[in-house]
Amino acid sequence: MQTLSLFCKSYLPDLERAKNLVESIRSFNRDQIPFYLCVPRNELATFKKRLGEESVLWITDEDVVSASGQTNL
């Protein structure tokens with residue numbers, strides 16, 4: 001089990017900022033700390049196309065809400 005991870009929540013208007021963050025993580029994350037990027041499901045394909053999948057563990061907002069057990073968010 002991992003004791004530390006990196007997590008970022010993003011939206012399409014911040015796609016280029018997310019790209020810069022991912023590039024930085026790819027360059028400087030020497031300890032291979034898992035990096036999770038959370039985006040709305042309907043934006044996931046756009047993010048993956050722009051950022052790729054290397055060094056990114058993708059999560060959608062809908063996955064988070066589902067895992068929390070809440071249905072009225």
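What's counted below: heavy atoms across the whole structure, side chains too, no hydrogens, waters or symmetry copies.
- Remark: Phe35 CZ to Phe7 CZ distance equals 9.0 Å, nearest 0.5 Å.
- Between Ser55 and Asn29 the shortest side-chain heavy-atom distance does not fall below 4.5 Å.
- Applying the side chain to side chain donor-acceptor pair (under 3.5 Å) test to pairs two or more places apart or on separate chains, those with a residue in residues 8-25 are Lys9-Asp61, Asp14-Arg17, Glu16-Arg50, Lys19-Glu23.
- To the nearest 0.5 Å, the span separating CG on Leu37 from CG on Leu6 amounts to 11.0 Å.
- To the nearest 0.5 Å, the span separating CG on Leu44 from SG on Cys38 amounts to 10.0 Å.
- With a 4.5 Å cut-off on side-chain heavy atoms, Thr46 and Val39 do not count as touching.
- Rounded to the nearest 0.5 angstrom, Leu51 CG and Leu15 CG are separated by 5.5 Å.
- Residues Phe47 and Val56 have side chains not in contact (no heavy-atom distance under 4.5 Å, counting atoms from C-beta outward).
- The salt bridge (charged side-chain N to carboxylate O under 4.0 Å, His left out) contacts involving residues 25-35 comprise nothing, where partners must be two or more places apart or lie in separate chains.
- Sorted by first and then second residue, the salt bridge (charged side-chain N to carboxylate O under 4.0 Å, His left out) pairs with a member in residues 34-44 read Arg41-Asp63; sequence neighbours excluded.
- A pairwise comparison of heavy atoms in Ser5 and Tyr36 identifies CB-CE1, 3.8 Å as the closest pair.
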